[in-house]
Amino acid sequence: MSPQELQASLITKNINLSAEQMQQLQQYFQLLEQTNKVMNLTKITETGAVYLKHFYDSLTPLFYDRQLLQSQTLADIGTGAGFPGIVLKIANPKLHLTLVDSLNKRLNFLQKVIDQLQLTQTKLVHARAEKFSQQPQYRQQFDYVTARAVANLPVLLELCLPAVKVGGYFIALKGAHAQTEIDSAKSALNKLGGQIERVEKLELPEDAGERQLIWVKKIQSTPKKFPRKPGIPTRSPL
Ligand code: SAM
């Protein structure tokens, strides 16, 4: 998918990126390409593949939830090289974005992206998600939390849902096999105060695969004991 094809296909979804926003995506792509030579950020490097599998893919939640185009607080947990968080921020400059990752070198890269693209209201937090959501300034504070390719759903819920405010949403960006994960997430949802509100299935253009987006609504406050200590959610999922 070329940059022009990305822009055109977003127009069909009522998302209009300006020349300046397209320029920001290009700068982001260039930084990714340069830095990837010295640091492992992504296996996807070819321009068309980055625009499709990172940029378009990161923007898919906007196709179904127009609230994400408003002034909202959003934390992207396990953001890695900035997906989906940075791309959502480029598409919606009104977003108040917090990027969380446990790997500091990825955050150094993200700081460069923030500086060069002059992104405002964008904060980096170097932390394990288990610790992040136990801090009072982040606990149950966000309208939205997102995560892509971080863990399977029962684990992910414990890492992400505690940071969502009651009434807000955790959006999990998943591949074709999400249903199995959903089936095993009932107990985690009950314990953490979440409810799956909807699952949107889509095909990426160019036969690049099926995606499933899961909206988990925070219906009740999460008990203080969650998330448990680092590593425990993965070793012993709820
Ligand atoms: N979300 C990005 C994407 O879709 O390209 C990155 C995915 S990468 C496979 C997973 C990222 O999650 C890594 O950057 C890793 O450091 C981070 N991560 C995994 N477990 C984490 C945890 N418990 N707390 C914070 N970050 C975590």
Side-chain angles (χ1 to χ4, degrees), residues 1-39 41-77 79-101 106-124 142-149 169 171 173 200 202-209 211 213:
M1 168 177 274
S2 68
Q4 294 72 23
E5 285 167 339
L6 172 76
Q7 193 175 24
S9 70
L10 291 175
I11 289 171
T12 69
K13 309 284 183 189
N14 275 322
I15 300 161
N16 298 302
L17 297 191
S18 65
E20 192 194 328
Q21 287 167 308
M22 291 303 296
Q23 170 73 24
Q24 285 181 313
L25 284 179
Q26 195 197 335
Q27 282 178 294
Y28 186 21
F29 169 72
Q30 282 167 347
L31 278 170
L32 199 61
E33 192 183 35
Q34 280 164 17
T35 314
N36 211 35
K37 289 180 183 147
V38 291
M39 185 192 294
L41 289 172
T42 173
K43 289 195 182 75
I44 297 167
T45 51
E46 189 266 320
T47 316
V50 170
Y51 273 77
L52 175 59
K53 294 186 179 169
H54 284 323
F55 294 172
Y56 182 97
D57 192 44
S58 292
L59 293 174
T60 53
L62 302 178
F63 303 172
Y64 305 97
D65 189 340
R66 306 303 284 182
Q67 277 297 110
L68 281 167
L69 288 163
Q70 302 301 319
S71 166
Q72 303 283 339
T73 53
L74 184 146
D76 186 28
I77 291 187
T79 190
F83 306 117
I86 292 272
V87 196
L88 289 169
K89 173 68 186 174
I90 291 171
N92 173 15
K94 288 187 285 193
L95 219 52
H96 295 237
L97 177 66
T98 301
L99 300 166
V100 184
D101 206 284
R106 300 228 165 96
L107 295 184
N108 293 338
F109 164 73
L110 293 171
Q111 187 60 57
K112 258 201 254 171
V113 174
I114 291 167
D115 293 343
Q116 273 213 22
L117 274 59
Q118 300 185 326
L119 300 177
T120 58
Q121 317 262 37
T122 303
K123 188 170 173 175
L124 295 176
F142 294 91
D143 299 314
Y144 288 94
V145 171
T146 53
R148 188 185 81 157
Y169 291 91
I171 308 174
L173 287 79
E200 297 288 354
L202 70 134
E203 293 283 341
L204 288 182
E206 302 174 13
D207 285 330
R211 293 289 181 270
L213 306 175

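As the structure is a prediction and not an experimental result, all values here were calculated from the model.
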Side chain to side chain contact (heavy atoms under 4.5 Å, CB included) between Thr60 and Phe63, intermediate numbers included: CA-CA 5 Å; Thr60 53; Phe63 303 172; 3.8 Å; yes

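- Considering every non-hydrogen atom in both Pro84 and Ser58, the closest pair reads CA-OG, 3.3 Å.
- The salt bridge (Lys or Arg N to Asp or Glu O under 4.0 Å) search around Glu5 returns none, not counting sequence neighbours.
- Using a 4.5 Å heavy-atom cutoff, the side chains of His54 and Arg148 are in contact.
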field: Residue pair Gln26, Met22: steps toward the side chain to side chain contact (heavy atoms under 4.5 Å, CB included) verdict
entry: CA-CA 6 Å; Gln26 195 197 335; Met22 291 303 296; over 6 Å; no

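- Listed here is the closest heavy atom pair of Leu107 and Asp101: CD1-O, 3.9 Å.
- Annotation: side chain of Leu68 is not in contact with side chain of Asn92 (no heavy-atom distance under 4.5 Å).
- Closest of all the heavy-atom pairs between Ile15 and Arg66 is CG1-NH1, 4.0 Å.
- Using a 30° and 60° split on the angle between ring planes, Phe55 and Phe83 fall in the tilted class, from 30° to 60°.
- Scanning for side-chain contact (heavy atoms from CB on, under 4.5 Å) contacts around Gln70 gives Gln67, Gln72, Lys94, with sequence neighbours left out.
- Within the model, atoms CZ of Phe109 and CE of Met39 stand 8.0 Å from one another, a figure rounded to the nearest 0.5 Å.
- The number of heavy atoms from other shown groups lying within 6.0 Å of CG (Asp115) is above 12.
- If you run side chain to side chain contact (heavy atoms under 4.5 Å, CB included) between Ile44 and each of Asp57, Asn36, Val50, Leu32, only Val50 comes through.
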message: Run Leu69 and Leu62 through side chain to side chain contact (heavy atoms under 4.5 Å, CB included) and show every step you take.
response: CA-CA 7 Å; Leu69 288 163; Leu62 302 178; 4.2 Å; yes

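- Side chains of Leu59 and Leu88 form a contact here, defined as non-hydrogen atoms less than 4.5 Å apart.
- Distance check, rounded to the nearest 0.5 Å: NZ of Lys123 to CD1 of Ile114 gives 11.5 Å.
- Arg106 places a side-chain heavy atom less than 4.5 Å from the side chain of Leu41.
- When all heavy atoms are compared, the tightest approach of Gln21 to Ala91 is NE2-O, 3.3 Å.
- Taking CG of Leu119 as the reference point, atom CG of Leu97 lies at 8.0 Å (rounded to 0.5 Å).
- Contact of the Ile90 side chain with the Leu25 side chain is registered, since non-hydrogen atoms from C-beta on lie closer than 4.5 Å.
- Between Gln27 and Leu117 the shortest heavy-atom distance is CB-CD1, 3.6 Å.
- For the pair Thr73 (side chain) and Asp143 (backbone), a donor-acceptor distance under 3.5 Å is present.
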task: Start with the C-alpha gap between Ile11 and Asn16, add the side-chain angles, then the distance that decides, and say whether side chain to side chain contact (heavy atoms under 4.5 Å, CB included) holds.
output: CA-CA 5 Å; Ile11 289 171; Asn16 298 302; 3.5 Å; yes

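- Using a 30° and 60° split on the angle between ring planes, Tyr51 and Phe29 fall in the tilted class, from 30° to 60°.
- Side-chain atoms of Tyr169 and Asp65 include no donor-acceptor pair closer than 3.5 Å.
- The shortest distance between side-chain heavy atoms of Leu17 and Gln24 does not fall below 4.5 Å.
- With a 4.5 Å cut-off on side-chain heavy atoms, Leu95 and Tyr144 do not count as touching.
- Between Lys89 and Thr120 the shortest side-chain heavy-atom distance falls below 4.5 Å.
- In this structure a side-chain-to-backbone donor-acceptor pair under 3.5 Å is missing from Glu206 to Ala208.
- Nearest heavy-atom pair across Ile77 and Ala147 is O-CB, 3.7 Å.
- Residue Leu173 holds its CG atom at 7.0 Å from OG1 of Thr146, rounded to the nearest 0.5 Å.
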